[in-house]
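Taking it in order: structure first as structure tokens, then the write-up.
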Amino acid sequence: MDKQKVKDALRLYDSGQYSVKDIIRITGISQGSLYRKIKERESKNILKKLDELAELKP
């Protein structure tokens, strides 16, 4: 999968101005791929926050 297309799709998704149908039409990535990348990004963000919290514990 083209990394630039994924970045573009996530940027469009984050803008809140485009529907998922619009995003897949504009970028050419599949709906499943878009949702998978969104979920992966959310998981990474959660893990990062957990690591940050763990560092704060005495």
- Message: Testing the basics here: between Leu34 and Ala9, what is the closest heavy-atom pair and its distance to 0.1 Å?
- Response: CD1-CB, 3.9 Å
- How many angstroms lie between atom CZ of Arg41 and atom CG of Leu10, to the nearest 0.5 angstrom? 4.5 Å
- Message: Would you compute the distance between atom CD1 of Ile24 and atom CD1 of Ile29 and round it to the nearest 0.5 angstrom?
- Response: 8.5 Å
- Task: To the nearest 0.5 angstrom, please state how far the CG atom of Leu50 sits from the CD atom of Glu55.
- Result: 11.5 Å
- Task: Flag the pair Asp14 and Arg11 as a salt bridge only when some basic side-chain nitrogen lies within less than 4.0 angstrom of an acidic carboxylate oxygen.
- Result: no
- Interatomic distance, CD@Glu40 vs OG@Ser33, rounded to 0.5 Å, equals 9.5 Å
- Under 4.5 Å between any side-chain heavy atoms of Val20 and Gln31, yes or no? yes
- Rounded distance (nearest 0.5 Å) linking atom CD of Glu42 with atom CG of Asn45: 8.0 Å
- Has the side chain of Thr27 got a donor or acceptor atom that lies under 3.5 Å from a matching backbone atom of Ile23? yes
- Full working for salt bridge (charged side-chain N to carboxylate O under 4.0 Å, His left out) between Asp22 and Arg25: CA-CA 5 Å; Asp22 290 336; Arg25 180 180 46 79; 3.3 Å; yes
- Kindly compute the distance separating CD1 (Ile38) from OH (Tyr13), expressed to the nearest 0.5 Å. 4.5 Å
